[in-house]
Amino acid sequence: MMESYLDIAVEIAHEAGALLLQFSQQPLEISYKRRSDLVTEADRRSEALIVERLRARFPKHGIVAEEGGGQQTDSEYCWYVDPLDGTTNFAHGFPVYCVTLGLACRGEVVAGVVYDPTREELYTAERGSGAYLHGQRIQVSKTAQLAEGLLATGFPPFARNHDLNIEYYFRFTKLSHGIRRAGSAALDLCSVASGRFDAFWELKLNPWDKAAGSLLVEEAGGRVTDVRGERFNLLGDDIFASNGLVHDEMCQVFTEVLADRAGRGAGIRD
Ligand code: IPD
Ligand code: CA
Ligand code: CA
């Protein structure tokens, strides 16, 4: 039987995950892309491995990879690769990180894999075929009210949008069971897909952070938009993913916070 794109992505993610685990056992050299934006040898080596494997299997496909090792082509297929999502966690020995690969066809994500090597959790999805954890179908939660929801968010490793998201954080903390900020956007999205979290949002993410995870949420029966509730754009800044049931209630809060800020003359970029 012919291997699917997803099968090959899974093989590669496993191999890269094993490499990250090896690096986690040894002293790490950390460098900075800019203040608070860390990168390690593990990020670079994992990316080199993934890009080499993808190039060998799909020489015509485009590859957009976080550390810059990708290639543009005129193929309608493009891989979005985060070789280590959760670098800050990894660098501090906090075991919440993953490898994630999403394949888009003409801008729409059609397949995705997220592999967490510390828990050996493998999340996979193909458009139209459901979302899976270890081959078992997963579904978003059934929580119908924000007041009973467990939420997640993240903050980019540089200052932009911090204040706005702290206001969202402040408001939602009081309106829900709480908010987790675990440090890996791809795993946060997987937790929405598997029903561990009821919703996740973040204001400034790159396409490699959200490609696979957004598909997982959709295929698990959830809803993915931007924080205004508009159509999700992989190449846009923000993402808001939920079980669908708490979506409108949360959009209302995002809107109220923005209106409060506008009333005070605060911008959306502060
Ligand atoms: C980061 C993580 C984090 C999110 C940041 C991302 P990285 O990715 O996903 O949870 O809050 O915005 O940049 O740098 O660890 O690949
Ligand atoms: Ca990332
Ligand atoms: Ca990364």
Side-chain angles (χ1 to χ4, degrees), residues 34-37 82 85-89 94 96 100 140-211 213-214 216-218 220 222-270:
R34 53 195 147 174
R35 192 170 161 268
S36 306
D37 195 358
D82 193 337
D85 185 47
T87 296
T88 306
N89 290 345
F94 180 59
V96 179
T100 175
V140 293
S141 69
K142 295 192 170 28
T143 307
Q145 288 179 1
L146 175 55
E148 289 165 9
L150 182 62
L151 315 179
T153 189
F155 295 82
F158 44 93
R160 214 174 153 205
N161 280 344
H162 272 194
D163 288 357
L164 173 58
N165 207 23
I166 283 169
E167 282 196 43
Y168 288 148
Y169 191 97
F170 180 75
R171 282 290 289 276
F172 282 118
T173 294
K174 296 194 281 183
L175 293 170
S176 66
H177 279 179
I179 307 181
R180 300 293 173 261
R181 192 280 187 253
S184 163
L187 286 177
D188 289 336
L189 286 163
C190 289
S191 291
V192 175
S194 63
R196 293 172 182 174
F197 291 149
D198 302 295
F200 163 75
W201 78 92
E202 191 162 340
L203 300 184
K204 187 84 184 104
L205 280 178
N206 287 296
W208 48 78
D209 298 310
K210 50 195 184 211
S214 60
L216 271 142
V217 172
E218 286 180 345
R223 187 165 161 206
V224 182
T225 65
D226 63 17
V227 289
R228 285 157 300 281
E230 306 286 338
R231 191 185 159 83
F232 170 64
N233 174 5
L234 180 63
L235 304 181
D237 280 346
D238 59 320
I239 184 167
F240 170 35
S242 81
N243 67 359
L245 301 171
V246 296
H247 213 87
D248 291 342
E249 198 182 349
M250 287 186 66
C251 273
Q252 182 66 34
V253 177
F254 289 126
T255 307
E256 282 166 20
V257 169
L258 280 180
D260 285 356
R261 285 174 69 86
R264 303 196 309 267
I268 61 164
R269 294 288 176 214
D270 310 336

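Because only heavy atoms are used, hydrogens play no part in the values below, and waters and symmetry mates are left out as well, while side chains stay in. Positions are given from 1 along the sequence.
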Subject >> Minimum-distance pair of heavy atoms, taken over all atoms of Glu202 and Ala185 >> reply: OE1-CB, 4.1 Å
Original post:
What about Tyr168 and Phe240, are their ring centers closer than 6.0 Å?
Top reply: no
**OP:** Look up atom CG in Leu258 and atom CD in Glu256, then write down how far apart they are to the nearest 0.5 Å.
**Re:** 10.5 Å
**OP:** Verify, without hydrogens or angle tests, whether Thr143 (side chain) and Gln145 (backbone) share a donor-acceptor contact under 3.5 angstrom.
**Re:** no
Subject >> Presence of salt bridge, Asp260 and Arg171, under 4.0 angstrom >> reply: yes
Original post:
Is it true that a side-chain atom of Glu249 and a backbone atom of Leu146 form a donor plus acceptor pair closer than 3.5 Å?
Top reply: yes
Subject >> Distance, nearest 0.5 Å, that separates CG of Asp226 from SG of Cys251 >> reply: 8.0 Å
Subject >> Short side-chain to backbone donor-acceptor contact, Asp238 and Val227, under 3.5 Å >> reply: yes
Subject >> Asp85 side chain vs Ala186 backbone, donor-acceptor pair below 3.5 Å >> reply: yes
Original post:
Side-chain donor-acceptor pair under 3.5 Å between Asp198 and Ser242, yes or no?
Top reply: no
**OP:** Without swapping roles, check the side chain of Asp82 against the backbone of Thr100 for a donor-acceptor pair under 3.5 Å.
**Re:** no
**OP:** Would you please test Asn165 and Trp201 for side chain to side chain donor-acceptor pair (under 3.5 Å) and show each step?
**Re:** CA-CA 9 Å; Asn165 207 23; Trp201 78 92; 2.6 Å; yes
Subject >> Straight-line distance of Thr225 OG1 to Ile239 CD1, nearest 0.5 Å >> reply: 8.5 Å
Subject >> Shortest non-hydrogen contact between Gly178 and Leu150, atoms and distance >> reply: O-CD1, 3.6 Å
Original post:
Got a donor-acceptor contact below 3.5 angstrom from the Asn206 side chain to the Trp208 backbone?
Top reply: no
Original post:
Where do Ser184 and Asn89 come nearest, in terms of heavy atoms and distance?
Top reply: N-ND2, 4.4 Å
**OP:** Locate the shortest heavy-atom distance separating Ala199 from Val246; write the atom from each residue and the value.
**Re:** CB-CG2, 4.3 Å
**OP:** Could you grab the distance from atom CG of Leu216 to atom NZ of Lys210, nearest 0.5 Å is fine?
**Re:** 15.5 Å
Subject >> Interatomic distance, Leu187 atom CG to Phe200 atom CZ [nearest 0.5 angstrom] >> reply: 10.5 Å
Original post:
Hey, are the side chains of Phe155 and Ile166 touching, using non-hydrogen atoms and a 4.5 Å cut-off?
Top reply: yes
Original post:
How many angstroms lie between atom OG of Ser214 and atom CZ of Arg223, to the nearest 0.5 angstrom?
Top reply: 15.0 Å
Original post:
So, Glu167 and Arg264, do they make that salt bridge, N to O below 4.0 Å?
Top reply: yes
Subject >> Minimum heavy-atom distance between Ala147 and His177, given as atom pair plus value >> reply: O-CD2, 3.2 Å
Subject >> Minimum heavy-atom distance Ala211-Leu234, with the two atoms named >> reply: CA-CD1, 3.6 Å
**OP:** Ignoring hydrogens and angles, tell me if any N or O in the side chain of Arg181 forms a donor-acceptor pair with the backbone of Ala152 under 3.5 Å.
**Re:** no
